[in-house]
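In what follows, chains are A, B, ... by sequence order, proteins preceding strands, each numbered from 1.
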Amino acid sequence: MNKTAAVVGAGISGMQAALSLAERGVKVYLIEKTSSIGGIMARLDKTMPTLDCSICILSPFMLAVDRNPMIDILTLTDIIGAEKSDIGYKLTLRKRPRYVDMDKCTGCRDCMSKCPKKITLEHEEPFGTVKAIHFDFDQAIPAVPYIDAENCLMLIKGTCGNCAKFCDKDAIDFEQKEEIVPLEVSSVILATGARPYIPLDRMEYGYGRYKNVITAMELERLLSASGPTEGNVVRASDGKEPKNIAFINCVGSRDLKTGRGYCSKVCCMYGIKEALLVKDHDPGANVTIFYIDIRASGKGYEEFFQNAKDSIRFVRGRPGEILEHEGNDLLIRYENTETQEVIEECFDMVVLNTALVPCEETQQLSEMFDISVNNYGFFMPSKDISCPIDTKQDNVFVVGACQGPNDITDCVSQSIGAVSKTFSMKGDIKQKEKRSLPGASGKDPRIGVFVCHCGKNIGKYVDVKDVVEYAKKLPDVVYAEDSLFTCSDQGQKSIKDTIKKEKLNRVVVAACSPKTHENTFQEALIEAGLNPYMLEMANIRNQCSWVHSKQYDLATQKTKDLVRMSVAKARLLEPLYQREVDVVQHVAVIGGGFTGMASALEMAKNGFRVSLIERESKLGGKASVTNKQKDGTIPEELAEMMANHLEESNNISVFLSSEVENVEGFVGDFILDVSTPNGIEKIECGTVIIATGFDSADVKSSGYTTSESVITDEKFSSMVNCGMLDGKNYVFILCVGARNEQNPYCSKFCCISSLNHVRCLLEDKPDANVTVLYRDIRAYGYHEDTYREVSEKGANFIRYSPEMMPHIDIDKKVVEVYDTTSSKTRTIEFDYCVLERGAIPSKGTTKLRKLFKMSVVSSGFFAEAHLKLAPLDTALDGVFIAGSCQYPKGISEAITQAVSAAGRASIAMGGGTYSAIPITASIDENKCIACKLCMDMCPYKALQMSENGIHMEVITVSCKGCGTCAAFCPSNAITISGFTYKQEKEKLKAIFEGSME
Amino acid sequence: MLNSIHSCMKCGTCTGSCPSGRVVSFRTRQLVEEHCLGEIDLDDIAIWYCTTCYNCMERCPRNIDITDDILRIREEAYKQGKVLPQHKDIMSYIYRTGHAVPINEEIKDLRESLGLSRIPPTTHKFEEALGIVRLLLEEGGFNDK
Amino acid sequence: MSFEPKILAFLCNWCSYGAADMAGTSRLQYPSNIRIIRFMCSGRIDPNFVIEAFLRGADGVMITGCHIGDCHYIDGNYKTVHRYEFLKEYLDTLGIGSERLTLEWCSAAEGMKFSQKVTEFTERIRKLGPSPIKGDEQ
Amino acid sequence: MTNDEFAFFLGCLIPNRLPAIEKASRLVCDKLGIRLYDMDGASCCPAPGVMKSFDKNLWLKLAARNLQISEKMGYDLITMCNGCYGTLKDASMELKEDKEKLSDVKETLNRLGLSFENVPNVYHLVEYLYFDYGLDRIRETITNKLNLNVAVHYGCHLLKPVKYRRSENFEVPQFFDELVEITGAKSINYPEKSTCCGAGGGVRSGMKDVSLEIAKRKVASIKGADCIVTPCPFCHMQLEQVSNIPVLYYTQLLALAMDIPKDVLGLEVEL
Ligand SMILES: Cc1cc2nc3c(=O)[nH]c(=O)nc-3n(C[C@H](O)[C@H](O)[C@H](O)COP(=O)(O)OP(=O)(O)OC[C@H]3O[C@@H](n4cnc5c(N)ncnc54)[C@H](O)[C@@H]3O)c2cc1C
Ligand SMILES: Cc1cc2nc3c(=O)[nH]c(=O)nc-3n(C[C@H](O)[C@H](O)[C@H](O)COP(=O)(O)OP(=O)(O)OC[C@H]3O[C@@H](n4cnc5c(N)ncnc54)[C@H](O)[C@@H]3O)c2cc1C
Ligand code: SF4
Ligand code: SF4
Ligand code: SF4
Ligand code: SF4
Ligand code: SF4
Ligand code: SF4
Ligand code: SF4
Ligand code: SF4
């Protein structure tokens, strides 16, 4: 029986899960309640901390989901019932009508321009309207509009019908009815995400009442170039650009009044991001952020925050209230808690950084599947920290923002992890189908040109018939035709038939953008027995008819030019093939902490042989210095249990007191020289997972030394674990060796582990006097509950500033600290003063980095391929990173990454071969002068010197085809398939061969 | 469910909400903090600036019953005899008349001219009831010295 | 008849080609003088292509790529920047003039920016008049 | 459901300083068919700002004595003052919720010869009018639609602490505005609408200048109003002292809308 899965919710989490499942050959039903996949991320302008354009990095992802034959996208669909069955679950789906026939619609938008009914979209309400027939956002997928039934004049009153009248494709179908569909699947992954909280119950901030108080999500839409104002930040009240903008943090989070005690984890950072973007739009704007603690806990976050300080004003203090004054200006009343001044200040616009809250159906779904929700209404993993994505049910998983606020990186890790857990590679999964692509046919070029009218989208602005006649005269063109919609079934059939009839061996389609339909036409070529790379598209719609729609003659002329250019390149097209490499079915895991052990176990479960290499004489990493967790887990016991499992597994060899000394080879076949107590061991493996964790920073960098009573976090941990604590007064100093000049990043785990220290201490000694000296308590997510709990129990928190580090007097056993929120210097006695240290990359990092030619980020931790969307991959194919070596983190996050990295490695190894994209560099040995220029330029380290040392060679499996090397080669020795110098030069030449005017 | 003042996270919402803090140097958050640390100065007149508007308490994101806590602080001050003379006067009025604001001849005339009873039907009119009020006050340790 | 410049644009596949598509979906109008050639990465754009374009008769060349930091291939566009600086000098030396070359960053959501930049650049070249080396080769 | 009959708790300020409010309230209630019975021997509520600050226990007992009077009369208690409401409502709720406190109070009152069994319900007139009596019934009595712009002031203790109040919305409440607007008057918005008048908590009695400064800032933000309307004699006094426009108590406004002549009401305002 083939396995199938339902993924519920198509945000980044759901899409990532669906793609990972599809990669494993699992049939996926991606169920989304709205009209498009994409979720929150599709509506963001940029993503922090890299300031990537959100839709740019997401669009290719969405397209990949759309095109994947293993994924069925079911939009406008809800789950209304679920029942356990023999294979998993029988679901009942309700599919709501779109009123547009997805097979017929081409996404031309003609209907929308003619629709008389305007409506507003969520998060865009004060700023702009769309039509009753619309897309939720420009890049929606499926790229088919839908009709909002509640607002369509036809559907409510039976009048209008304009859209139907103007749709050439007859795609509008008012007769569509709601359908109830059964679906049986073996597993369910819930990825229903979160909603931005609508802050109506914090009325003192006036949202909904004051026009110029908006939410961060609304600002995100304003900032977005494809949002309602095309990227202009304006006030809803008068359309003017605001000059004085305030952001307020923690609106609806860390707030028992609105029932949400948790911290939403992402809002500090997205707030800073939006503030910077506002500044970017208008450098003259004054931007202020009101905060309690800036929770920049994550890779690159602290640096992002520190840089933002140059242009953004940060005020510590949560405002009391906002009053609306004349001209809709806003008066904020607040206490600057660092000066204790009470201030009333006027702003033009106020942005509320609101919480993430669970989606409406969480409760209902939890009952349907009999899984738990926590007291805040998010899905709750059932097991302890060792399985943060499992639920009570074996085949139901919860990933992403639906189990609590998460940033994109964490969403992605969790999704890949869940898939890994659901389906182990070997046995269960059918092998990936290998497809051999057809080769070349015929020597001399025989080109067919297919010009599309795209309804009126091209036809109305360009003389298509004239273009066809023109095309027929071009060299090597043996056939040309026009059709109303080339992408339609009919259009594709015509291509396939003509290829056969006219013996075409190259095809030019002049139509929309290759980004939309290249794949569609490539499939048609394959079906007709042609190599898919014998296709060249001319983008005569998006880049011609639509942008010159008032210049019929010029547009027609340009269309001819574009066709001529494509034909010129087409004459030189050559077949390309998927590249396959054999992969050794063995993985090396470096580092034996929680992450390494979890990765190793997961890989063994997936059926691969594993070598686990640990530098120390014992497995477990930091487990022995970690204390009992809130959920009762004792890390040391967990580590022991995992170590036992490792031992029991026949598939795993553990090398203790061992280190990697040399690395050769590349994905599929690495050879590691490992120094073990028994000498050098050679390990041949297909992939490598690096899990080398972190080391603790030196207390000296903060000016401290340890003593009997001034102890490190680790010492304290051990003392707690052994019940050795004997004092009454405890002072904890946070950010020791962190967030300073030497280590300018935030180590993320230390606030959490410090709170855990305090919790354990107070459990043991409820009467202890505890003082925590902190800069920001970064108790992100549910850790806020621990922060609240320990302060309720009497732990005192005092905020210090890095300019005045707390002074420890070891002899007198007192700490002197300047308390910034009361502007007083306080002297606190201690029996023990605990230095909570930040993290630094573990000591072997530089060596490993050199061995594997990996990159690190500025903090020294390993660099991932993409911080948001590929956090476990590296620039090096076949090498993955996970856990605290990627960035310091807590145990459950580390284990999630471990499982996910195992998932990524399994996919790379599964099926025994590794396939790479066909667009690659190749080097003409005769032309190469071995100057090595290209080698330094390649971002993927895909070039190496040949064994004889006289020319470069391409490691084709690693090459991504960017072409950078080719651009640098002084002797034109490098060819990029699909974009060869000759092909492009022909294309370029062709531009000037006709008359351009 | 209300939380102990110790759970204060020093957010400043309370101070930012306080109508008095805008006029005088009374800082709600600081009062909470001082109470946590046992550093309250009961001689400081600041504790009497709170109008008991409840803004801080209704807005505190950590659900701390701030206004009630301020009243507890004042009770402590009263116990130590640290009260304002004006407030003491009011207590005396209540002791003497049952009213914090007793009637006077002018108002009596006004009442009559409005067609109301010259003396309102309160402890002003009912001696016996005033006696019980006094007994209660005395039991509570207050007598009009 | 007034001078109609011939403009050639090299676009990277990921961001700026997306921006050009977006300008279309948004029906933003710009002068029709431009012809686009797509590469996978702006880092691929060999100086030879640019020179070739001028030799063949282009009056202006536009290079667009992903914003710095957004490169699909990690850092290809950093290399583009360096090459751009070099090319400008070279164009001056050749007497073509560096002002006939421009480099712009456009994200896939910046259809508006793309159309504006094309319009501006076309106007700039129109003012400059025909390329001084036009017709020299061929 | 109450049947429009109440024990009428006067408090201190209304009978002893602002009898015109008492007059208007009695007249208006009469027109509305709400019967008010005097609470013989009632005292100060007692004043929350002072008494509750000094000795909460004593505060509770004195309040309970007042509640006891209404219980013995067999009616629920109604008050026209936010301060009295603050004390009596909160005290009644605490006694209802806390059995221990209740038995302690009972014991004390019994010892003094007062029997106290059931804690009566406590109403503020405007809350009662809106939530129980109903706008429609009031509307029937309005014969003289007022053409006024009114700045409404709620006062703090009518709304807070929220756990003991009828309206959950204390930031932007509507009910009093609606009550005001059925007279034909228009409630205008002003920035400091929900701000405290500054009188409570013993601040007016203790530090008058500070208290008046708070009131001044509040009143300064009122633009384009003909008068201020309050539901509380204490706020009333406070605002009157700093305002250039007249301050009316709600029943006075309602009385005017019922066409009750100013001289009967003892009102000397120009509107
Ligand atoms: C204003 C704002 C700015 C942000 N900025 C950043 C940033 O810069 N960087 C960063 O890392 N993170 C950022 N985040 C957080 C980030 O957007 C989220 O972590 C992430 O998008 C969550 O992805 P998800 O797939 O788990 O959930 P979502 O994106 O919420 O997707 C869930 C999907 O499930 C669908 N769905 C819900 N319920 C059902 C149901 N019952 N049946 C079917 N479908 C359902 C929804 O329609 C939605 O499409 C930001 C968040 C906000 C609100
Ligand atoms: C004092 C303290 C308290 C903590 N408290 C908590 C807590 O309460 N809750 C929580 O969630 N997290 C806590 N943490 C964090 C937690 O320990 C980490 O999240 C977790 O250990 C990360 O696991 P890891 O496997 O990625 O790294 P590590 O535990 O650091 O393991 C890395 C392993 O790799 C090995 N190694 C390193 N370099 C090499 C090399 N070149 N070759 C071979 N082997 C190598 C190391 O010897 C080590 O065994 C605490 C950490 C500390 C230091
Ligand atoms: S007009 Fe027709 S084909 Fe075009 S977008 Fe609308 S429904 Fe689709
Ligand atoms: S029928 Fe409905 S969707 Fe179509 S144009 Fe009319 S209102 Fe718009
Ligand atoms: S502290 Fe937490 S809840 Fe508050 S803004 Fe920052 S991330 Fe959001
Ligand atoms: S203690 Fe650690 S987690 Fe907390 S702020 Fe400092 S460096 Fe960051
Ligand atoms: S094409 Fe890009 S990835 Fe391939 S070798 Fe050249 S530079 Fe490296
Ligand atoms: S740049 Fe060209 S010549 Fe130089 S090593 Fe690379 S391929 Fe050879
Ligand atoms: S509002 Fe509450 S949590 Fe915030 S400072 Fe005041 S008392 Fe503390
Ligand atoms: S209750 Fe008191 S302390 Fe709190 S806001 Fe009102 S006046 Fe200030």
Report the option among [options] that has the most heavy-atom pairs separated by less than 4.5 Å from atoms of chain C.
options	result
A:Pro514, A:Ser545, A:Cys544	A:Pro514
A:Lys569, A:His866, A:Lys989	A:Lys989
A:Asn539, A:Asp138, A:Ile919, A:Leu562	A:Asn539

Report task. Measure the CG-CG distance between C:Leu8 and C:Leu101 for me, rounded to the nearest 0.5 Å. Result ->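 Atom-to-atom, C:Leu8:CG and C:Leu101:CG are 11.0 Å apart.
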Query raised in the report: About how many Å separate CG of C:Leu28 and CD of A:Glu230, when rounded to the nearest 0.5 Å?
Result: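 Taking CD in A:Glu230 and CG in C:Leu28, the distance rounds to 7.0 Å.
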Query - Heavy-atom side-chain proximity of A:Arg109 to C:Arg27 below 4.5 angstrom - result: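 Side chain of A:Arg109 against side chain of C:Arg27, heavy atoms only: contact under 4.5 Å found.
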Which one wins on heavy-atom pair count under 4.5 Å against chain A: [options]?
options	answer
C:Met22, C:Glu110, C:Arg38	C:Arg38
C:Lys79, C:His67, C:Met40, C:Lys113	C:Lys79
C:Gly111, C:Ser42, C:Ala58	C:Ala58

Report task. Side chain from CB out, backbone as N, CA, C, O: work out which of these in A:Asn457 comes under 4.5 Å of a heavy atom of chain C, or both, or neither. Result ->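 Side chain only.
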**Report entry** Part of A:Cys108 within contact of chain C (heavy atom distance under 4.5 Å)
**Finding:**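 Backbone only.
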Query raised in the report: Are the side chain of C:Asn77 and the backbone of C:Gly65 linked by a donor-acceptor contact shorter than 3.5 Å?
Result: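 Between the backbone of C:Gly65 and the side chain of C:Asn77 there is no qualifying donor-acceptor contact (under 3.5 Å).
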Query raised in the report: Under 3.5 Å, side chain of A:His548 to main-chain N/O of A:Gln551, donor-acceptor pair present?
Result: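 It does not hold such a pair.
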Query raised in the report: C:Phe39 versus chain A, heavy atoms under 4.5 Å apart: side chain, backbone, both or neither?
Result: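 For C:Phe39, backbone and side chain are both near chain A.
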Report task. Under 4.5 Å heavy-atom distance to chain A, tell me which part of C:Ile36 shows up: side chain, backbone, both or neither. Result ->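 Its backbone and side chain both get close to chain A.
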Requested in this report: Please determine which of C:Ile7, C:Leu128, C:Val61 meets the side-chain contact (heavy atoms from CB on, under 4.5 Å) test together with C:Arg100.
Outcome: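 Looking at C:Ile7, C:Leu128, C:Val61, the match for C:Arg100 under the side-chain contact (heavy atoms from CB on, under 4.5 Å) is C:Leu128.
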Query raised in the report: Hey, what's the ring geometry for C:Phe49 with C:Phe10, parallel, tilted or perpendicular (30° and 60° as the breaks)?
Result: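 C:Phe49 vs C:Phe10 ring planes: tilted.
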